[in-house]
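FYI, side chains are in, hydrogens and waters are out, and symmetry mates aren't considered; it's all heavy atoms of this structure. Within every chain, numbering begins at 1; the chains are lettered A, B, ... in the order of the sequence lines, protein sequences first and strands thereafter.
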2 protein chains.
Amino acid sequence: MPLSTAFSVSADRPAANQIVERLRTAIVRLELPPGQMLSESDLAERFGVSRTPVREALIKLAQQGFIEVRPQRGTFITKIRPKELLEARFIREAIETAGIERIVGRLDQATISKCRLLLEDQKAAASAEDVYAFHRADDAFHRALAEATGFERLSSLIEGEKALMDRVRILSLKTTPPFKRLISQHKAILDAVVAGDRQKALSHMRKHLRELLTTLPQASRDHPQFFTETIDPSSDWAETDSGAPL
Amino acid sequence: MPLSTAFSVSADRPAANQIVERLRTAIVRLELPPGQMLSESDLAERFGVSRTPVREALIKLAQQGFIEVRPQRGTFITKIRPKELLEARFIREAIETAGIERIVGRLDQATISKCRLLLEDQKAAASAEDVYAFHRADDAFHRALAEATGFERLSSLIEGEKALMDRVRILSLKTTPPFKRLISQHKAILDAVVAGDRQKALSHMRKHLRELLTTLPQASRDHPQFFTETIDPSSDWAETDSGAPL
DNA sequence: TCTTGTGCACTAGTATACAAGTCGAAAGAG
DNA sequence: CTCTTTCGACTTGTATACTAGTGCACAAGA
């Protein structure tokens, strides 16, 4: 979403929700760069609505950590905070491995088929070099596994943590997309879960998650304006996982 | 907060935030009963402000899961959903045990002192039979351990999950407060963490968390109007933990 | 040149008015 | 009595106007 683009909202559902979705997508895709200031009145004009629904959308996005409202000063796209991403990874490892524990060897056939289909989607997106399609399929794969636990909020929680990491993921997918590696990791996780091999499933999931931010130091140096700080790859920034053995 | 009470907000900080805090406290303490309808205009009148800040407060509370907005119909305090509580417990077990893994044997002296002080607070509150004071000290204890991981969002995440369980906790604390049991569990967790006994610390934390909802079936039968469904204690409702051994 | 003040253009926060949908009670027809 | 219809009193959603605070440009003074 270039900063000058005009959008319109449909009348059949609340404008605020539509604005949330559009802005969130634009933020995650870095079309709205971190640090960028947002003007409520400007957004209202571009969306063709009044300030009220825009404000309500911004409140929601602020609670999700995507924007920061500084009273009487302005509203800004949050810069990427490496420490926050490491936390998100930690939290995801804790939750997603707990989820694995719960579903290993107990996946129903429908979920297995769904996951295998999503793996095909990922392969297709990788061949087409469609970063966003791959991204969507990746999300859906993790969500499918989370939903298989029978816990509804689990997937939305994971999605929230994922979203925080998405901007860096987009950066790295654009430069050096490790499509094949990610796909094979997903396949390994799924196979182990289906086979009921608890240790293997856990270890694959842990490895998968711990690798997600390997591009963080490089990205923070390539785009320092997007980050609150740059990360020195030689430092101990990676020593933030659970410490559990793979 | 009885339904007819009038409140006022101070002018030195955003009204919406003050309203969020007041309503949240009232909801958690069941002063605003689950299922109760809230009127924006009524709240505005009682707080002495216009509908706008009230609406913004309600949006935030809705995102936190405390209220539900049904367009053109009304805004309601959410009823307690047992399944949601079991999820919250599952998530807490995943996250808090991961936190324990990270801090076991590595607590600094300041944190240790702080935690011991909070244990004293809990004892004092138990003696005084002050449910809310105990509740606050309990929150602070878990938060202190979470913050010791060095991860800032961890404690706020835990607090969110705790808050969902708080209404049931308040119910059980009011009828049969297991103060002493909770305190000794806290002490056992802390001692094991300080001593660096990983297995013991994990097992104590797991046990502590899994016991938190033992009063859920009783509470759901005593106050069915607060719940979306009642829980049969003989059912397998408890079989929702991670399955990890104690 | 540097400092200081002053005003203007911006910001978010709040108040108020109106629009659009929902539900129930009362009125009227059979 | 029963069913139907209509009207009105609610609800949340949105638009608009106003308030109060921030910061920057720019001019006036040393």
J.: Return the set of residues passing side chain to side chain donor-acceptor pair (under 3.5 Å) with B:H135 (not counting sequence neighbours), or none when no residue passes.
T.: B:D166, B:R169
J.: Please list, in 5' to 3' order, the outermost nucleotides of DNA chain C lying under 4.0 Å from any heavy atom of chain B.
T.: C:dT14 to C:dC23
J.: Can you list the residues that meet the ring pair (Phe, Tyr, Trp, His ring centres under 6.0 Å) rule with A:F66, with sequence neighbours excluded?
T.: none
J.: Using a cut-off of 4.0 Å on non-hydrogen atoms, how would the nucleic acid contact of A:L38 be classed: base, sugar-phosphate, or nothing?
T.: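 A:L38: backbone/sugar contact only, no base atoms under 4.0 Å.
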J.: Taking only residues two or more places apart in sequence, or in another chain, which ones meet B:T175 in a side chain to side chain contact (heavy atoms under 4.5 Å, CB included)?
T.: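 Applying side chain to side chain contact (heavy atoms under 4.5 Å, CB included) to B:T175 gives none.
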J.: Exactly one of B:L61, B:V54, B:L58 should register a side-chain contact (heavy atoms from CB on, under 4.5 Å) with B:I19. Which one does?
T.: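 With B:I19 as partner, B:L61, B:V54, B:L58 yield a single side-chain contact (heavy atoms from CB on, under 4.5 Å), made by B:V54.
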J.: Indicate the ring-plane relationship of A:F141 and A:H186, choosing parallel, tilted or perpendicular according to the 30° and 60° boundaries.
T.: parallel
J.: Is the shortest side-chain N to carboxylate O distance from A:R89 to A:E96 below 4.0 Å?
T.: no
J.: Answer whether the closest heavy-atom distance between the side chains of B:I27 and B:R167 falls below 4.5 Å.
T.: yes
J.: Looking at residues at least two apart in the chain, or sitting in another chain, which of them share a side chain to side chain contact (heavy atoms under 4.5 Å, CB included) with A:T52?
T.: A:S50, A:E56
J.: If I take atom CD in residue B:E45 and atom C1' in nucleotide D:dT11, what distance separates them, rounded to the nearest angstrom?
T.: 15 Å
J.: Going 5' to 3' along nucleotides 13-22 of chain D, which nucleotides have protein heavy atoms under 4.0 Å from the base (write B), which only from the sugar-phosphate (write S), and which from neither (write -)?
T.: BBBBB--B-S
